[in-house]
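Numbers restart at 1 for each chain; the letters A, B, ... are given by sequence-line order, proteins then strands.
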There are 4 protein chains.
Amino acid sequence: MTDQSVIKIMISKRETNKDEKRALIIDTALQLFSTEGYFGTSMSKIASTAGIAKGSTYNYFASKEDLLKAIINDGFKHLTESVDYLFVNFIDDKSMEKYIRHSFKLIMDKPNYWRLFFALAIQPWLPKHFMADIMQKMEPMFAKIAEYFASKGFLNPMAQVMLFVSTLDGVSISYLTEPENYPINDICEILVERYCK
Amino acid sequence: MTDQSVIKIMISKRETNKDEKRALIIDTALQLFSTEGYFGTSMSKIASTAGIAKGSTYNYFASKEDLLKAIINDGFKHLTESVDYLFVNFIDDKSMEKYIRHSFKLIMDKPNYWRLFFALAIQPWLPKHFMADIMQKMEPMFAKIAEYFASKGFLNPMAQVMLFVSTLDGVSISYLTEPENYPINDICEILVERYCK
Amino acid sequence: MTDQSVIKIMISKRETNKDEKRALIIDTALQLFSTEGYFGTSMSKIASTAGIAKGSTYNYFASKEDLLKAIINDGFKHLTESVDYLFVNFIDDKSMEKYIRHSFKLIMDKPNYWRLFFALAIQPWLPKHFMADIMQKMEPMFAKIAEYFASKGFLNPMAQVMLFVSTLDGVSISYLTEPENYPINDICEILVERYCK
Amino acid sequence: MTDQSVIKIMISKRETNKDEKRALIIDTALQLFSTEGYFGTSMSKIASTAGIAKGSTYNYFASKEDLLKAIINDGFKHLTESVDYLFVNFIDDKSMEKYIRHSFKLIMDKPNYWRLFFALAIQPWLPKHFMADIMQKMEPMFAKIAEYFASKGFLNPMAQVMLFVSTLDGVSISYLTEPENYPINDICEILVERYCK
DNA sequence: AATGAATGAGGTTTCATTCAT
DNA sequence: TATGAATGAAACCTCATTCAT
């Protein structure tokens with residue numbers, strides 16, 4: 001093994017460590033933001049919960065708001081990757097059902113992320129474009145669903161899409177607010193029945 | 001006119017003044033909270049926007065959080081008053097339609113209030129019981145709607161109610177986030193069609 | 001005495017107090033800035049030295065830089081008032097001598113102010129216009145002196161003015177750096193001899 | 001070539017590298033200190049501007065203040081070397097003129113250094129002895145100039161020296177503050193005329 | 001009841017310096 | 001020697017709340 005390789009491995013190890021710590025901070029902050037709120041969580045608390053020094057977080061994120069953006073963007077990247085494949089072709093009942101079930105799975109898998117996401121979506125203090133950027137990326141998906149609704153003979157398919165998306169949002173929010181009492185699975189079945197038969 | 005009456009009038013006038021100023025503070029704070037966020041709005045700004053002294057607000061509300069609770073409770077009182085009469089009897093298609101249309105009207109009439117309301121509903125930093133209290137008051141209404149759904153032969157009527165309510169929530173939030181582009185009226189008609197025929 | 005008058009007196013008293021406290025903060029900050037440097041002096045130290053709470057300074061000055069500007073501007077206002085009258089008419093030997101002696105007096109009377117002033121003049125971090133504004137106000141005075149030098153037959157009177165002013169600056173700075181060992185009075189006489197005979 | 005020589009060359013090369021890097025850091029820091037101010041320049045910025053790692057600077061200078069001292073001392077060593085030869089003998093008109101012209105040349109050649117130097121001379125936060133040491137080294141030179149002034153029949157020659165030095169300082173500072181508008185050459189001639197004829 | 005100056009805890013952020021690699 | 005992540009003290013500033021007038 002040459003010296004070069006050793007150095008490369010060391011660098012790569014440092015990189016790995018850095019990535020791991022970045023992920024640690026993001027996870028910690030997501031957990032705290034979603035349970036205590038963005039303003040209710042101090043950078044000090046994030047640092048101490050993550051077991052690092054206060055100043056260290058600023059080696060990874062330039063500011064608190066930057067950290068927040070990173071959380072949302074990272075999560076959203078994950079999301080789109082997992083959804084895109086469902087829409088490569090024209091939608092039919094089968095893929096629509098997959099989409100609905102997948103959506104519910106996403107919410108239940110990462111409740112903290114979604115709690116934060118929806119809280120932010122309503123907050124007025126974020127830079128306008130922050131959420132707008134995200135919404136824009138979903139446009140093509142909405143278009144596909146509209147096609148699908150049209151093919152099923154729905155009148156006013158675009159309004160139907162908005163209603164459909166809002167319904168998923170509303171259900172998600174209700175579930176996230178009180179996960180233990182909300183009949184999320186029953187509701188999933190009702191929606192599958194309503195939209196995919 | 002007796003001295004007594006004079007005093008009564010004076011008191012009543014003072015009361016009125018007090019009530020008016022209380023209402024002024026609530027209106028101002030609601031406006032600011034809903035546009036700049038709760039944490040983005042300082043007590044100083046509320047006072048100066050309302051044209052009164054900073055210290056004076058504390059003659060009407062013990063704390064900032066108290067002011068927030070008062071805003072929500074006042075608004076909610078208004079809400080229930082306006083809704084209760086719809087449910088005195090067993091519910092039918094007609095009153096269900098009225099209820100849906102009324103719900104949309106409420107949202108569109110006081111968007112600031114509802115923006116704040118939904119933001120808080122998702123926020124985790126409020127005392128748990130705060131929103132719970134409000135939800136509890138809606139229980140009887142939910143029960144009536146469940147009866148109605150059952151009478152229409154819906155399977156699993158309680159889940160249907162939750163879905164129905166979540167849908168209204170989701171639609172409301174979507175509308176409040178972007179009022180100008182959201183086909184709120186079309187969606188209202190779709191829901192009336194779906195639930196009241 | 002009417003209620004109105006009482007209120008007016010109370011307000012006026014409060015105003016007086018406020019002015020006094022503002023002056024107290026300015027004096028304290030000037031003292032500290034000039035001895036420990038602007039960056040070496042924390043707002044906390046200013047407050048505690050002045051015997052008030054940390055946050056209180058911000059009731060009088062919006063920021064540390066604002067406080068600095070207020071110090072310079074207040075001092076400069078004082079300065080121009082005291083100098084302007086010397087230049088109402090065309091300058092002669094007599095008024096030139098007065099001006100020189102007055103300049104030395106100013107420096108010796110408020111060494112802290114001038115130490116701060118010259119330190120800032122050299123500092124590169126201030127907004128450009130900050131010092132420029134001040135210099136601009138001195139332009140008319142320079143013009144008068146140039147006239148005077150011209151009347152005495154000096155060649156290149158504008159350069160002579162610059163040199164004259166720079167000399168006063170250099171002498172001031174030297175004196176302020178080491179007041180106890182600097183023959184400020186002897187130098188004053190030399191300059192009077194050189195420029196006013 | 002013996003092994004010894006090879007080692008010597010390697011060491012010498014390492015020394016050279018070390019000196020070069022030291023010089024690089026000093027140059028970079030001087031540039032930044034003089035344009036952004038000492039407090040406005042972070043060690044990180046110096047390192048990154050110089051293209052080395054943050055921690056490495058501490059292999060050359062024990063602290064930020066040490067670096068500053070090194071800058072001043074290095075520059076001053078350079079200065080005295082270049083001036084000393086002017087004063088080996090008794091001073092006359094010719095060498096006095098050389099000295100004045102040389103002083104102006106120094107300022108115009110290394111404005112950054114002098115901007116920093118004068119800024120520090122006024123700053124109160126440096127250890128007292130820091131500037132005092134430097135001034136002390138200039139004493140012999142001042143004595144020579146005093147002799148010269150005495151030989152020309154100036155009264156109070158020591159005060160004349162102080163005034164002369166302060167004048168050079170004041171002119172330098174004025175020039176450094178606004179190099180483009182200051183008639184530095186005209187002023188040089190005026191001084192040569194005044195002091196060397 | 002009204003005022004607004006005073007308070008000080010607590011927030012975010014910076015940065016000189018250290019140290020493991 | 002070089003690196004750059006880690007540290008934590010300390011800075012500036014905000015703001016809910018109190019209280020003397």
Side-chain angles (χ1 to χ4, degrees), chain A residues 6-7 9-11 13-15 17-18 21-22 39-48 51-67, chain B residues 14 17-18 21 39-48 51-67, chain C residues 6-7 9-11 13-15 17-18 21-22 39-48 51-67, chain D residues 14 17-18 21 39-48 51-67:
Chain A
V6 173
I7 290 175
I9 286 174
M10 287 174 64
I11 289 176
K13 191 172 174 190
R14 186 148 60 192
E15 288 299 310
N17 275 342
K18 198 163 180 190
K21 192 149 302 182
R22 198 191 117 102
F39 291 104
T41 305
S42 70
M43 291 297 273
S44 296
K45 182 145 189 202
I46 294 171
S48 70
I52 62 181
K54 198 177 2 172
S56 297
T57 48
Y58 288 88
N59 288 335
Y60 297 86
F61 305 95
S63 68
K64 193 183 181 183
E65 193 171 326
D66 234 56
L67 171 53
Chain B
R14 202 181 320 153
N17 274 342
K18 192 168 177 183
K21 198 161 285 190
F39 290 102
T41 305
S42 69
M43 291 296 275
S44 294
K45 180 143 189 204
I46 295 171
S48 71
I52 63 181
K54 200 185 337 185
S56 297
T57 50
Y58 288 87
N59 291 330
Y60 298 88
F61 304 96
S63 69
K64 193 183 179 183
E65 193 172 323
D66 240 55
L67 171 55
Chain C
V6 172
I7 290 174
I9 285 174
M10 287 173 63
I11 289 176
K13 190 173 172 188
R14 185 148 60 191
E15 288 299 309
N17 275 341
K18 197 162 181 189
K21 192 150 302 181
R22 197 192 118 101
F39 290 104
T41 306
S42 70
M43 290 298 273
S44 296
K45 182 147 189 200
I46 294 170
S48 70
I52 63 181
K54 199 179 2 170
S56 296
T57 48
Y58 289 90
N59 288 336
Y60 296 86
F61 305 96
S63 68
K64 193 182 181 184
E65 193 172 325
D66 235 55
L67 172 53
Chain D
R14 203 185 315 156
N17 274 342
K18 192 167 177 183
K21 198 162 284 190
F39 290 102
T41 305
S42 69
M43 290 297 274
S44 294
K45 180 144 190 204
I46 295 171
S48 71
I52 63 181
K54 199 185 338 185
S56 298
T57 49
Y58 287 87
N59 290 330
Y60 299 87
F61 304 95
S63 69
K64 193 183 181 185
E65 194 172 323
D66 240 55
L67 171 55

Choose from [options] the nucleotide whose nearest atom is closest to any side-chain atom of [X].
X     : options               : answer
A/A53 : E/dA6, F/dT7, F/dC12  : F/dT7
B/K64 : F/dA16, F/dT3, F/dA5  : F/dA16
C/K54 : F/dT14, E/dG10, F/dT1 : E/dG10
D/M43 : E/dT17, F/dT7, E/dA6  : E/dT17

In terms of the nearest nucleotide of DNA chain F, which residue is placed more toward the 5' end: D/G55 or C/Y58?
D/G55
Pair assignment for DNA chain F - dot-bracket with | for other-strand partners, Watson-Crick or G-U under 3.5 Å:
.||||||||||||||||||||
Which heavy atom of A/I52 sits nearest a heavy atom of A/S56, and at what distance?
CD1-CB, 4.2 Å
Measure across C/A53 and C/A47 and return the closest heavy-atom pair with its distance rounded to 0.1 Å.
O-CB, 3.7 Å
Would you mind classifying the nucleic acid contact of [X] as base, sugar-phosphate or nothing, using non-hydrogen atoms under 4.0 angstrom?
X     : value
C/Y60 : sugar-phosphate
A/T57 : nothing
D/S56 : base

Can a side chain N or O of A/N59 be found less than 4.0 Å away from OP1 or OP2 on F/dA5?
no
According to a strict under-4.0 Å criterion, is C/K45 in side-chain N/O contact with OP1 or OP2 of F/dA10?
no
If you pin C/K21 and A/S63 to their nearest nucleotides in DNA chain E, which one's is more 5'?
C/K21
When you match B/G51 and D/A62 each to their closest nucleotide on DNA chain E, which lands nearer the 5' end?
B/G51
Taking atom [atom2] of [N] as reference, at what distance in whole Å does atom [atom1] of [X] sit?
X     : N      : atom1 : atom2 : value
D/I46 : E/dC15 : CD1   : P     : 11 Å
B/E65 : F/dC15 : CD    : C1'   : 16 Å
A/F61 : F/dA6  : CZ    : C1'   : 16 Å
C/K18 : F/dA20 : NZ    : C1'   : 16 Å

Can any side-chain N or O of C/K64 pair as donor or acceptor with the backbone N or O of C/T41 at less than 3.5 Å?
yes
